[in-house]
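Report on one structure; see the data block that follows.
Keep in mind that what you see is a predicted model, and the values were worked out from it rather than measured. Excluded from the calculations below are hydrogen atoms, water molecules and symmetry mates; all remaining heavy atoms, backbone and side chain alike, are included. Residues: numbered from 1 along the sequence shown. First listed ligand is number 1; within each ligand, the first listed atom is number 1.
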Amino acid sequence: MIEHTSLPGVILITPPRFGDHRGFFSESWNKKKLEAEGVNLPEFVQDNHSLSREKGTVRGLHFQSPPHAQGKLVRCGRGSIFDVAVDVRKGSPTYGQWVGFELSFENGKQLWIPAGFLHGFMTLTDDAEICYKCTDHYAPECDGAVKWDSCGIDWPIADITPIISEKDEKAQPLSAFDTPFTFEA
Ligand SMILES: Cc1cn([C@H]2C[C@H](O)[C@@H](COP(=O)(O)OP(=O)(O)O[C@H]3O[C@H](C)C(=O)[C@H](O)[C@H]3O)O2)c(=O)[nH]c1=O
């Protein structure tokens, strides 16, 4: 159920599914069971849900700066996405490094992204829905974005002009980004 990634702190979580002739049941979030596997996540205070209608949509790379930095536990409830985390903590030995994974309704995988990492995704199907838990509330004054194609990410659908928001269109490249996060060893 737990897979640590090449970015320490970023974790893949795959809750078990109990299938039967009707379909399946899964506990999509169970604090006690995760802690039993040594995964202690901060308290979640807000759940988000977004739908991206078309394949090739990119949302991100986003963050909220302190004092409202957010950790996120992301899952894909319909369709499929390529979900990405980028380490932007000042002083981190993995600063600027990224990991990306396919999260889908089919594979049931979830990605835990701690505060101090950028988060973004590219949809691999039409009608991709994500549901994600956040460790702090939305704070527009702390909301920020880094240009989706400025971190060397190997996005799975190459040579496309993704569908992105006006905010993401205007985002600054990672090279110009002055991170508000520090690395706590
Ligand atoms: C994030 C957020 C947004 N909003 C409102 C603000 C806008 O009127 C509207 C769309 O917001 P935005 O364009 O920022 O939504 P996304 O592009 O999906 O942004 C999110 O996508 C990336 C991948 C993330 O990880 C963040 O959670 C978040 O930045 O929802 C709220 O009311 N509450 C919220 O928590």
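The shortest N/O to N/O separation between Asp168 and ligand 1 does not fall below 3.5 Å. For His119, a nitrogen or oxygen atom sits less than 3.5 Å from a nitrogen or oxygen atom of ligand 1, counting backbone and side chain alike.
Between Trp155 and Trp148, the ring planes are tilted. Angles from 30° to 60° get that label.
Within a 4.0 Å radius of atom 14 (O) of ligand 1, the protein has at least one heavy atom. Protein heavy atoms are found less than 4.0 angstrom from atom 32 (O) of ligand 1. Less than 4.0 angstrom separates atom 6 (C) of ligand 1 from at least one non-hydrogen atom of the protein.
Of all the heavy atoms of Arg59, the ones lying under 4.0 Å from any atom of ligand 1 are found in both the backbone and the side chain.
Distances below 4.0 Å separate heavy atoms of Tyr132 from the following atoms of ligand 1: 20 (C), 21 (O), 24 (C), 26 (C), 27 (O), 28 (C). Taking a cut-off of under 4.0 Å to the non-hydrogen atoms of Lys167, the atoms of ligand 1 that pass are 14 (O).
Remark: the Glu106 side chain and the Ser80 side chain contain no N/O donor-acceptor pair separated by less than 3.5 Å.
Counting only non-hydrogen atoms, the option in Gln46, Glu166, His137, Lys72 that gets closest to atom 24 (C) of ligand 1 is Lys72. Here atom 1 (C) of ligand 1 lies nearest to Tyr138 when heavy atoms of Phe117, Phe63, Tyr138, Trp148 are compared.
Classification of Asp126 and Lys55 as a salt-bridged pair fails, no side-chain N sitting under 4.0 Å from a carboxylate O.
Counting only heavy atoms of the protein, atom 29 (O) of ligand 1 lies nearest to His62 ND1, 2.6 Å.
Heavy atoms of other residues, nucleotides or ligands lying less than 6.0 angstrom from CG of Asp178 number 12 at most.
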For residues 161-168, run the donor-acceptor check on the side chains, cut-off 3.5 Å, and write out each pair with its distance to 0.1 Å, sequence neighbours left out.
from	atom 1	to	atom 2	distance (Å)
Ser165	OG	Asp168	N	3.1
Ser165	OG	Asp168	OD2	3.4
Glu166	OE2	Lys170	NZ	3.0
Lys167	NZ	Asp143	OD2	3.0
Asp168	OD1	His62	NE2	2.5
Asp168	OD2	Gly60	N	3.1
Asp168	OD2	His62	NE2	3.3

Sequence neighbours excluded and cut-off under 3.5 Å, please list the side-chain donor-acceptor pairs for residues 92-99, or say none.
from	atom 1	to	atom 2	distance (Å)
Ser92	OG	Asp87	OD2	2.4
Ser92	OG	Arg89	NH2	3.4
Ser92	OG	Thr94	N	3.1
Ser92	OG	Thr94	OG1	3.1
Thr94	OG1	Asp87	OD2	2.5
Trp98	NE1	Gly152	O	3.2

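Stacking of Arg75 on the aromatic ring of Phe121 is not recorded, the 6.0 Å distance cut-off and the 45° axial limit not both being met.
Residues Phe117 and Phe63 share a closest heavy-atom pair of O-CB, 4.5 Å.
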